[in-house]
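So that the names make sense, note that chain A is the first sequence line, chain B the second, and so on, each numbered from 1. As the structure is a prediction and not an experimental result, all values here were calculated from the model.
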Number of protein chains: 2
Amino acid sequence: MKYERKIPIDLDCGVTIYQIMVGGKWKPYLINCMNCGLKRPSELLRAIHGATKRVLAQQLNEMEQMGLVTKRLYPEMPPRAEYELTETGRSLIPIIRLMDEWGLKHSCLFNEKGQYVGQNHGG
Amino acid sequence: MKYERKIPIDLDCGVTIYQIMVGGKWKPYLINCMNCGLKRPSELLRAIHGATKRVLAQQLNEMEQMGLVTKRLYPEMPPRAEYELTETGRSLIPIIRLMDEWGLKHSCLFNEKGQYVGQNHGG
DNA sequence: CAGCATCCCTCATGATACTG
DNA sequence: CAGTATCATGAGGGATGCTG
């Protein structure tokens, strides 16, 4: 098994489990993108601005090992791959949806450069 | 040079905002702990196993700047401080609760050492 | 197009010590 | 007890190149 933890985790704490399984920087975005069905890596790469194909592939691998996504590889040329959320993966959608909603509700605290400005009703 | 602050953040993506504001390793735990009311740093330190007071203080500072907690410092000796969730901070509780529930539901995928084992080979 | 290996930088965090 | 500065580290992930 490739996925090992050096530090023993606290199994009583669901947040810890969650962070291990969905903690990667891009996993929420990946889950979001795959919400609407099968996705190819190139699609995901285009959709998720700022990520490289290396990280996406890596995180997709982790998610596959964790049982969050399934992978289908077609033996064609050029190759084609498709990823899809498993039921477990889909069960994360509501959480990520909440996160997204919460974030959007507070996006007014940031300026166009993405810097935190706090209350910006000053004019 | 080549490595600049990668963030211009995507304000259209709530997940990004969320990760900026609540992305620290210990912030969910802190929020959880403060759910039941005022908390002193020493309490939080005892409650959150594995964290050092340095990180907790740091993340509490960030959370205060972000408007997630308020801090009350008593000019006593020895000093006393109390942290409390703001309304914004409390609005995160449902999300963290969901994360916790989700994680607990899948904690069976890990063994006692916190290593991922996939299918739980029962008892 | 998909996947992996390599190099190496950055950042958050851990450890420790000091101040008030 | 609370808070901060300093130093060390290691894991994540950005950039690039090769393979089929």
Side-chain angles (χ1 to χ4, degrees), chain A residues 2-9 16 19-30 33-34 38-66 69-84, chain B residues 1-9 16 19-30 33-34 38-66 69-84 114-116:
Chain A
K2 179 170 153 188
Y3 205 95
E4 288 185 12
R5 276 271 140 187
K6 276 94 183 182
I7 305 169
I9 65 172
T16 304
Q19 291 196 135
I20 290 174
M21 296 182 71
V22 204
K25 181 175 180 180
W26 304 103
K27 293 205 181 84
Y29 303 101
L30 287 168
C33 286
M34 286 184 285
L38 290 175
K39 286 293 176 186
R40 301 181 57 180
S42 51
E43 290 181 279
L44 294 169
L45 184 61
R46 276 193 300 273
I48 302 177
H49 199 64
T52 62
K53 71 170 183 173
R54 180 193 160 283
V55 234
L56 291 190
Q58 188 175 289
Q59 307 222 344
L60 283 169
N61 271 337
E62 289 174 18
M63 291 168 72
E64 192 188 5
Q65 287 174 40
M66 292 292 184
V69 300
T70 52
K71 173 185 177 178
R72 174 80 195 269
L73 182 59
Y74 297 86
E76 303 173 356
M77 203 59 182
R80 183 152 66 110
E82 286 173 349
Y83 289 88
E84 188 179 18
Chain B
M1 307 284 271
K2 33 186 189 176
Y3 270 97
E4 290 184 357
R5 191 83 181 171
K6 51 183 172 255
I7 307 172
I9 65 172
T16 304
Q19 292 198 134
I20 290 175
M21 295 182 74
V22 203
K25 181 174 179 178
W26 304 102
K27 293 204 181 85
Y29 303 101
L30 287 168
C33 285
M34 287 183 284
L38 290 174
K39 286 292 176 187
R40 300 180 59 178
S42 50
E43 291 181 278
L44 294 169
L45 184 60
R46 276 192 299 272
I48 302 176
H49 200 64
T52 62
K53 70 173 184 174
R54 180 193 159 283
V55 234
L56 292 189
Q58 187 174 292
Q59 307 221 344
L60 283 168
N61 271 338
E62 290 173 17
M63 291 168 72
E64 192 189 5
Q65 287 173 42
M66 292 292 185
V69 302
T70 53
K71 173 186 178 180
R72 175 80 194 269
L73 182 59
Y74 297 87
E76 303 174 355
M77 203 56 182
R80 182 151 67 108
E82 286 172 350
Y83 289 88
E84 188 179 17
Q115 295 164 331
Y116 182 75

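Considering all non-hydrogen atoms of both residues, R80(B) and L73(B) come closest at O-CD1, 3.3 Å. Minimum heavy-atom separation, L30(A) to L44(A): CD2-CD1, 4.0 Å. Scanning both residues, Y83(B) and M34(B), for their nearest heavy atoms gives CB-SD, 3.7 Å. Taking all atoms of both residues into account, the shortest heavy-atom contact from P28(B) to Q19(A) is CG-OE1, 4.0 Å.
Rounded to an integer number of Å, the gap from NZ of K25(B) to P of dG10(D) is 13 Å. Protein atom CG of N61(B) is 14 Å distant from nucleotide atom P of dA2(D), rounded to whole Å. Atom CD in Q19(A) sits roughly 14 Å away from atom C1' in dG12(D) (whole-Å rounding). One atom, CE of M77(A), and another, C1' of dC1(C), lie 8 Å apart when rounded to the nearest Å. Here dT9(D) presents its C1' atom at 12 Å from CZ of R54(B), a figure rounded to the nearest Å. Separating the CG atom of L30(A) from the C1' atom of dG13(D) is a distance of 14 Å, rounded to the nearest angstrom. Atom CG of L73(B) and atom C1' of dC1(D) are 11 Å apart (whole Å). Atoms CD1 (I48(B)) and C1' (dT13(C)) sit 14 Å apart, rounded to a whole Å.
Checking dG14(D), dA15(C), dG3(C) against the side-chain heavy atoms of W26(A) singles out dG14(D) as nearest. When the nucleotides dC1(C), dG3(C), dG14(D) are ranked by their closest atom to the side chain of P78(A), dC1(C) comes out on top.
Side chain of Q59(A) to main chain of K27(A): a donor-acceptor pair is present (N/O by atom type, distance under 3.5 Å, no hydrogens or angles). Panel note: side chain Y116(B), backbone I20(A); no donor-acceptor pair is recorded below 3.5 Å.
Nucleic acid contact class of G23(A) (heavy atoms, under 4.0 Å, all strands): none. Backbone-only engagement by A81(A) is indicated by non-hydrogen atom pairs under 4.0 Å involving sugar-phosphate atoms exclusively. Among the protein residues, P79(A) comes within range of the nucleic acid bases, having at least one heavy atom under 4.0 Å from a base atom. Counting non-hydrogen atoms under 4.0 angstrom, E76(B) reaches nothing in the nucleic acid.
Nearer to the 5' terminus of DNA chain D, by closest-nucleotide assignment, is the contact made by R46(B) (compared with the other of R46(B) and A57(B)).
Note on R40(A): a side-chain N or O is less than 4.0 Å away from OP1 or OP2 of dA2(C). Look at K53(B) and you won't find any side-chain N or O under 4.0 angstrom from OP1 or OP2 of dT4(D). Residue Q59(B) has a polar side-chain atom (N or O) positioned under 4.0 Å from OP1 or OP2 of dT13(C). Distances shown here put a side-chain N or O of S42(A) below 4.0 Å from the OP1 or OP2 atom of dA2(C). Residue K71(A) places at least one side-chain N or O closer than 4.0 Å to OP1 or OP2 of dG3(C). In terms of phosphate contacts, Y74(A) brings no side-chain nitrogen or oxygen within less than 4.0 Å of OP1 or OP2 of dG3(C).
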